[in-house]
Amino acid sequence: MLGGIELVPSVFLAAFASYTLHGSSLTIATAIALANALQAAVGAYVLKLCRFDPLLRRMRDIAALGFVALTASAIVPTLVMGTYYLQATYAGGRTPSFSWTSYWGGDIWALLIIAPLIIRWLAKPLYRRTPSQHFETILVFVVLVVCNYVVFWRVIPAISGVSVIFVLFAPFFWIALRFSSRFVTLALALTSLMAYIATRVVEPAATAVTQTLGERLFQVELFIIFMAVIFYILESIANERRYAIEALKVQVRQLESALRRISSEDLAKTEFISVLAHELRNPLAPIMSGLELLQIKGTSAVESHGIVQMMTERVAAIRRLLDDLLDVARISQKKLVLKKELVDLRGVIERSYASINELTIQKTHRSELTLPADPVYIEGDLVRLEQIFVNVMKNAVKYTQLGGTVAIAVGQSGNVATVSVKDNGIGIESDMLEKIFEPFVQAYSTKVEHGGSGLGIGLSLTKRLVEIHGGTITARSAGPGKGSEFIISLPALHIVSQMRQEPNSVQASTSKKRPAKVLVVDDNVPAAEGIERLLSHTGYTTDTAFNGVDAIARVKTFKPDVILLDIGLPDMSGYEVARTLRSADNYSGRLVALTGFGQSEDKSRAFDAGFDGHLVKPVSIKDIEAAIAL
Ligand code: ADP
């Protein structure tokens, strides 16, 4: 039963062999063997239903075992005694020398003592024992043997008329509370054996002389069955408690480490907010002073141009910062979608390299670019790939003292394309090599030397972008002052030469033409007027509206080719305006949404409402022109 259904055929054969060899008739032997097989099958099935674990580690296993031992074990005695009875009645066979109860008791005993003993001792021990535990095990079994001897050989028959049988509880409690169920099965088997021998060899007590040997053995058997039930239960309770304590300890450790992580992340975020404020203030300060300068009358056209140029660069810096922050949020919410295409990595690297050129010259670095002669094809998002390499190259330039060297090399081995960006700059402490890829983390030396410039999100964003391209990024450095190397590996594609197409060919926009009339709709009056002014300066005919109703009315009179429509309007949403224009007014011109929300679901909502394009504020004239082209 404990070993499972697959042992049933063995049970049948063993029972059949045993009874045949014992001199039973073929009918009796077959009937008994069938009964045994049936009992084993029923027991094994019930135990399987209870999801019984034969290692007896849980209270429920003990309950299942106890239940099956008491019920299923009645099948064999009932069938066998029935067969004997029928045979004796109708065929004149002999009646058996044992009773139904003693047969049943024997089966219970076998199920509670012998089967668990075999199964438990064949299983691997869960724990290794220390020498002191070995000593304790030997000691408790010596005590058990002595107690068994005192009780069953009746060395001390009774104390003040009270049976000494209770002394056996002492070693059994000891074993159940301190040892695993293996030792409980061993103690029960040992006690059974000693009790059996004593019952056979020792003269019966005066009170029991009238009983037959069978009756006395049956009493001993019952006693051991009770002991088994009690101490298995006790052991499983102690065991469950041990497990619960272990599990609690593990959970406490996990909680502690989670708490440490949360507080360090919290600290990093607080630091991040102060750095962010600092980073935003940096470009804002020159914009403020630039604006004031522009307001002073008498600023020459050349000066104004310089100021405007400077302000444009600062605004672009703020925009980049906000884009990075948005990307981090998008990636962590798994909302970043790659526009994958076939790309020659060499082209991407060349463009990224060109974009850091100015910074390299400013810092008087010497830079090298090594590209393979053959194309290195990968599948990726051009914009995101450039973001990755510009980030890493910029860091190399930034974290290298004036007049340093930055070397960039592209290679391919098998299915892997690699890009190495190496500098001889300030280097990275070995314990920071992994951490710099975590968000908001900056190496200590950089913080000190570079006054905490940067936000510490560049590399974490880079790493995530590389990962969503199926690649990896690692940092190497021999230590502070010894330069660093960043290696980016990406899955490369093998393209058969005939299939090679010119990758990276920038999409020609020749098919597009400039619209004539543009309507700008935004409830933020200065913003609307700003865009309108920009557009009319660039040669478009423009008009403005500051709410939805007004916008719909203007469309009828002004008849624009393109509408730049803000989504958050006071009277109705931009989506509603778009739907009305498209359905009721049959507006067929271009509709471009202008919003502060750049999440992908905002875009899809806009397209559903009938928009053709989607711009995220702030926008430059270049962005607008690209979006409104027909
Ligand atoms: P940021 O540059 O804005 O601080 P990054 O995430 O790009 O943030 O970089 C994190 C940190 O990694 C930097 O602050 C710097 O300490 C370290 N680091 C990155 N690149 C290099 C490099 N090439 N050499 C030395 N340190 C670097």
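Counting starts at 1 for both ligands and their atoms, in listed order. The structure presented is a predicted model; accordingly, all values stated were derived computationally and were not measured.
- With salt bridges taken as basic N to acidic carboxylate O contacts below 4.0 Å, one links Asp327 and Arg384.
- For ligand 1, the atoms lying closer than 4.0 Å to a non-hydrogen atom of Phe486 are 19 (C), 20 (N), 21 (C), 22 (C), 23 (N).
- Heavy-atom proximity to atom 12 (O) of ligand 1, evaluated over Ile428, Asn395, Ile436, is greatest for Ile436.
- For Lys422 (side chain) and Ser484 (main-chain N/O), no donor-acceptor pair under 3.5 Å exists by modelled atom type.
- With Asn415 contributing its side chain and Ala492 its backbone, the two residues share no donor-acceptor pair below 3.5 Å.
- A salt bridge between Asp423 and Lys482 is absent, with no side-chain N of the basic residue lying under 4.0 Å from a carboxylate O of the acidic one.
- Taking 4.0 Å as the cut-off between side-chain N and carboxylate O, Arg261 and Asp266 do not count as a salt-bridged pair.
- Using a 4.0 Å heavy-atom cutoff, Met432 is absent from the residues neighbouring ligand 1.
- For the ligand labelled ligand 1, residue Gly425 lies outside the 4.0 Å heavy-atom shell.
- The distance criterion of under 3.5 Å between nitrogen or oxygen atoms is met by Asp423 with respect to ligand 1.
- In this structure, His365 contributes its side chain and Ile361 its backbone to no donor-acceptor pair below 3.5 Å.
- Of all the heavy atoms of Thr400, none lies under 4.0 Å from any atom of ligand 1, so neither backbone nor side chain is involved.
- Taking a cut-off of under 4.0 Å to the non-hydrogen atoms of Lys398, the atoms of ligand 1 that pass are 2 (O).
- Near Ala396, meaning under 4.0 Å from any of its heavy atoms, are these atoms of ligand 1: 23 (N).
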